[in-house]
Amino acid sequence: MQENLVIVESPAKAKTIEKFLGEGYHVTSCMGHIRDLEKKDFGIDLEKNYQPKYVVTPDKKKVVTELKKLAKDAETVWLASDEDREGEAIAWHLKEVLKLDPSRTKRIVFHEITKEAIQEAIKNPRVIDDNLVNAQQARRVLDRIVGFEVSPVLWKKVKPSLSAGRVQSVAVRLIVDREREIIKFKSESNYRVTGKFLVSDENGNTSELKAELSKRFSEKNEALEFLKKCQSAEFSVSDVTKKPTKRSPAMPFTTSTLQQEASRKLGFSVSQTMAVAQRLYEGGKITYMRTDSVNLSNTAINTAKQKILDLHGEDYLKIRKYQTKSKGAQEAHEAIRPTYMSNETVEGSNQERRLYELIWKRTIASQMADAKLEKTTVNISVSTATERFTATGEVLIFDGFLKVYMESTDDENGNSGPAQDIIPPLKANDALRMSEIIAMQRFSQKPPRFTEASLVKRLEELGIGRPSTYAPTITTIQNRNYVVKEDRPGTEREFDVITLDHDKISEKKKTEITGTEKSKLFPTDVGMVVTDFLMENFKQIMDFNFTASVEKDFDDIAEGEKVWNEMIDRFYKPFHEIVEDVLENSGRSKGERVLGTDPKTGKQVSVRIGRYGPVAQLGEASSETNEEKPQFASLRNGQHLETITLEDALDLFKLPRELGEYEDKKVTVNIGRFGPYVRHDNKFVSLGKENDPYTVELDKAIELIEAKREKDRKAIIKTFDEEPGLRVLNGRWGPYISFKKKNYKIPKKLKAEDLSLDDCKKIIEEAPAAKSGKRRKKK
DNA sequence: CAGTGAGCGAGCTTCCGCTTGACTT
């Protein structure tokens, strides 16, 4: 019998809190939301003022049963879910589902897991805030309406199984918009002039000074002209200025900034970051990892302070309080920080150690002094021209927080310019010896594609999505095949380099690789067509400010200034009318593009989204004549509806090619999901990269078929006459047993070649039932 | 992913936020 039952959201949190509360308190967790809208059907009663139809989520049934038992035995139940909209709703659902007696139920909140905060919370219980709960219900109902009304429109008008939602559709839009900007982008070039000058000091030592011309030339001959002027010029220092500057540490980590830094510094995907952080959290090593707060508890600040004093001394300490600036932050937790600041490292996997170290450094640095720098600017005049060179240098006077941590940036071009660390001592009117001047053609950069992490950053700026959903959202839009994460090779580009070296001017062409992409998000054809369709028909949902504007309504509801179902009604009525109208009046949207006519047959060639993805079509399906049906061919990897040419599309119809016959059976080549292949006697042989399906000949194909046969023969380790269907084979993952179209793993301790038929049968019998996989059947 | 390369159409798909599960093949 427990006097007090405390329910929090996370089991790891429960463990910690139980320690703080001690005797008389049992702390348990509900694992987030326990109820949700009914999954099939709409889940909202439109006849009854949008009344939600809640059901206990299937995977929470056990939790709920357990909680009911515990609650019955408890004197007082403390609902300690997070202090935000969702947390308040969780508390309310708990109260409803567990049928808690109000006189024995208390609602408490805290936004840091420290002994003081918990004890303080217990001293100040309150009741559930119905307004806040209603704001959450409005949020939930709105998202269901948008998702479950728009998605079916897509099934009808574009392609089955697609989805739309307040968050995901805008995320895809960001990527599609960016891609269009890039397609439209025209690179321009100009000529950047840099010079190297020699400076001698009184001891006769010379050092080099790098400077950039203040002006860039748009034309090559302008640059050339300038270099000619420099041939006979004298260079001198016109002025030297020194200016102190400082740099401040970054704020402690939130979910989104952690995802960004882990992506840049450690190369983690956002879901990887969250999985690793989850393990650190469960191990009690860091605080909660889904947060939008940059706040640190006093306990944390004090221990960080002690650590800084121990390691670096008082000069390096500067206590700072940070304020969240992101839109719609709900701040139910602390920033992400080490639980114990004294631990610089932790035990664990390589990934865990690296992520922890990143968090530790960032947190420590956030309480450290600014770095002090001195910035020196030297202007250099050219006697024969009006343009000036400028050299800038930065010298670190005091490293401060940089001693432990430096935030990285997304600037992948590395355009740091010719800045150098130390500028040699110089004063006005000092003469300079020119050693080299180079004019280099530079091209303007196309807008960068999003990475997972930079997309999260943008969504957060727009106030779209929450810390708990950034990673899943990114996964969803990839699963729906709206977006793919890919590497793409760059292209070669030539650029001019004009060099002035000891009075001699020379010109050269150099090449560089440009536009190489690594792990970037690209929209697919489906993503583009769906975005266009939604932009055309559901502008309101696609507006970057849609979330912000409904959030304002939710805030008003939370303040008691609006009634939630009235707000929903004002949204639903006009929205639903649009849905009906689009269903009825809008045409199908398949992103169709007519490329031209096939010169051979005179038939029309077009591309569009087919039932299974992008396809090219040769000929039209005309109803009037009973001409032959149009031919179809799927687009290949790297081909896109918006950019494919007529020639490329026509090539698609050259396959499958019939090469001839072998052993009285047809030999054909085609390209499938796994690349080019030869088909013969219903068997498939990969063509590999070295053979081109358009030109490969029969001899080569036969060779490949024979090679495959040989390999298959070798793959058979054992067969049994009594059971011909059972074979022991050698596969990519080692030996396995194949029987009736199913495969079975051979236990490590057994040798494949020694297996008897009985051994095999035993393995098959004892094999666990095949996993249900993707398809889960209902009823 | 377990050795693949289909297509006359049944019945299904879908949202956003809270949380952690466990077939180890």
Side-chain angles (χ1 to χ4, degrees), chain A residues 8-13 29-37 39-44 57 59-60 62-63 81-82 84-91 93 136 139-156 159-169 275 278 281-282 288 290 330 332 464-470 472-473 476 480 541 547 610-612 615 629 632 634 656 668-679 682-686 708 712 715 729 731-734 736 738 741-745 767-778:
Chain A
V8 297
E9 291 181 40
S10 145
K13 205 192 252 184
S29 60
C30 66
M31 317 241 195
H33 277 296
I34 53 161
R35 283 204 303 187
D36 192 15
L37 298 177
K39 212 168 151 56
K40 33 178 187 172
D41 302 335
F42 202 46
I44 303 164
T57 323
D59 59 323
K60 294 292 163 55
K62 257 175 86 177
V63 176
S81 46
D82 294 348
D84 59 16
R85 203 163 62 204
E86 298 297 328
E88 203 68 18
I90 288 172
H93 282 299
Q136 193 274 347
R139 198 280 303 155
R140 182 66 192 91
V141 166
L142 179 108
D143 282 336
R144 172 55 66 91
I145 290 173
V146 172
F148 276 38
E149 295 234 327
V150 179
S151 299
V153 177
L154 292 178
W155 305 342
K156 285 219 176 73
K159 201 170 99 89
S161 300
L162 296 174
S163 65
R166 175 176 57 83
V167 173
Q168 58 168 283
S169 296
Q278 175 90 28
Y281 167 68
E282 283 168 4
Y288 195 58
R290 292 186 272 263
Q330 304 195 6
I464 299 172
R466 304 279 313 130
S468 65
T469 60
Y470 295 137
T473 299
T476 300
R480 293 268 170 279
I541 308 300
T547 292
R611 198 151 31 133
Y612 305 97
V615 288
K629 280 184 191 163
F632 296 97
S634 291
T668 54
V669 286
N670 202 353
I671 297 182
R673 275 202 314 176
F674 308 98
Y677 65 91
V678 180
R679 182 182 181 147
N682 267 333
K683 292 202 173 75
F684 301 90
V685 185
S686 171
K708 173 85 189 287
D712 286 349
L729 301 172
R732 198 161 116 197
W733 287 275
Y736 66 100
S738 169
K741 299 231 167 184
K742 274 189 177 172
N743 299 313
Y744 303 88
K745 203 178 172 179
K771 56 176 172 179
S772 55
K774 289 169 203 163
R775 252 169 249 174
R776 214 173 298 154
K777 283 183 185 165
K778 281 176 207 164

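- Among dT20(B), dA6(B), dG17(B), the nucleotide with an atom closest to any side-chain atom of Arg139(A) is dG17(B).
- dC12(B) and dC16(B) have their P atoms separated by 23 Å, with the value rounded to a whole Å.
- As judged by a 4.0 angstrom heavy-atom cut-off over every strand, Ala164(A) is placed among residues touching the sugar-phosphate backbone only.
- The separation between Lys159(A) atom NZ and dG7(B) atom C1' is 13 Å, rounded to whole Å.
- Contact annotation: side chain of Ser163(A) to base of dT14(B), donor-acceptor pair absent below 3.5 Å.
- When heavy atoms are screened at a 4.0 angstrom cut-off, Arg166(A) is found touching the sugar-phosphate backbone but no base atom.
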Verdict with reasoning, Asp82(A) to Lys13(A), per salt bridge (Lys or Arg N to Asp or Glu O under 4.0 Å): CA-CA 11 Å; Asp82(A) 294 348; Lys13(A) 205 192 252 184; 2.8 Å; yes
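- The phosphate of dT19(B) (OP1 or OP2) has no side-chain N or O of Ser10(A) nearer than 4.0 angstrom.
- For Arg466(A) and dT19(B), the shortest distance from a side-chain N or O to OP1 or OP2 is not below 4.0 Å.
- Applying the 5.5 angstrom centroid cut-off and the 30 degree plane-angle cut-off, the aromatic ring of Phe148(A) is stacked upon the base of dT14(B).
- Listed nucleotides: dT13(B), dC16(B), dC18(B). Nearest to the side chain of Trp155(A): dT13(B).
- Taking 4.0 angstrom as the limit, Gln168(A) places a side-chain polar atom (N or O) nearer than this to OP1 or OP2 of dC16(B).
- Nearest to the side chain of Val167(A), among dC15(B), dG17(B), dT19(B), sits dG17(B).
- Here Gln278(A) lies in heavy-atom contact (under 4.0 Å) with sugar-phosphate atoms only.
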What do the steps show when you test Thr57(A) against Arg35(A) for side-chain hydrogen bond (donor to acceptor under 3.5 Å, both in side chains), and what is the final call? CA-CA 5 Å; Thr57(A) 323; Arg35(A) 283 204 303 187; over 6 Å; no
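- Remark: Arg480(A) is in phosphate contact with dT14(B), judged by side-chain N or O atoms under 4.0 Å from OP1 or OP2.
- Take the nearest nucleotide of DNA chain B for Glu149(A) and for Ser468(A): the residue whose nucleotide is more 5' is Glu149(A).
- In this structure, Glu86(A) atom CD and dG17(B) atom P are separated by 8 Å, rounded to whole Å.
- Gly32(A) comes within 4.0 angstrom of a nucleotide base, judged by non-hydrogen atoms across all strands.
- For the C1' atoms, the distance linking dT24(B) with dA2(B) amounts to 15 Å, nearest Å.
- Among all heavy-atom pairs drawn from Thr473(A) and Gln168(A), the shortest one is CG2-CA, 4.4 Å.
- If you check the side chains of Tyr677(A) and Arg679(A), you find no donor sitting under 3.5 Å from an acceptor.
- Counting non-hydrogen atoms under 4.0 angstrom, Pro11(A) reaches the backbone sugars and phosphates but no base.
- Here dT20(B) presents its C1' atom at 14 Å from NZ of Lys13(A), a figure rounded to the nearest Å.
- As rounded to whole Å, 15 Å separates atom P of dG17(B) from atom NZ of Lys39(A).
- Backbone-only engagement by Gly465(A) is indicated by non-hydrogen atom pairs under 4.0 Å involving sugar-phosphate atoms exclusively.
- Heavy atoms of Tyr288(A) sit under 4.0 angstrom from primed sugar atoms or phosphate atoms, though from no base atom.
- The one candidate from Arg140(A), Arg466(A), Arg139(A) that meets the salt bridge (Lys or Arg N to Asp or Glu O under 4.0 Å) condition with Glu86(A) is Arg139(A).
- With DNA chain B read from its 5' end, the first of the two nearest nucleotides for Glu282(A) and Thr57(A) is the one closest to Thr57(A).
- Side-chain N/O atoms of Arg679(A) include none lying less than 4.0 angstrom from OP1 or OP2 on dT4(B).
- The closest side-chain heavy-atom distance from His33(A) to Gln136(A) is below 4.5 Å.
- When the nucleotides dC15(B), dT19(B), dC18(B) are ranked by their closest atom to the side chain of His33(A), dC18(B) comes out on top.
- Counting to the nearest Å, the P atom of dG7(B) and the CZ atom of Phe632(A) are 14 Å from each other.
- Between dC16(B) and Arg144(A), no contact under 4.0 Å exists linking OP1 or OP2 to a side-chain N or O.
- Remark: the separation of the C1' atoms in dT13(B) and dG9(B) is 16 Å, to the nearest Å.
- Proximity of Thr469(A) to the phosphate of dG17(B): a side-chain N or O atom is located under 4.0 Å from OP1 or OP2.
- When each of dT13(B), dT19(B), dC15(B) is scored by its nearest atom to the side-chain atoms of Pro160(A), the top-ranked nucleotide is dT13(B).
- Listed candidates were dA6(B), dC16(B), dT14(B). Nearest to the side chain of Tyr677(A) is dA6(B).
- Nucleotides dT25(B) and dG5(B) place their P atoms 26 Å apart, quoted to the nearest Å.
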Start with the C-alpha gap between Arg480(A) and Ser163(A), add the side-chain angles, then the distance that decides, and say whether side-chain hydrogen bond (donor to acceptor under 3.5 Å, both in side chains) holds. CA-CA 8 Å; Arg480(A) 293 268 170 279; Ser163(A) 65; 2.7 Å; yes
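- Using a 4.0 Å heavy-atom cutoff across all strands shown, Asp36(A) reaches at least one base atom of the nucleic acid.
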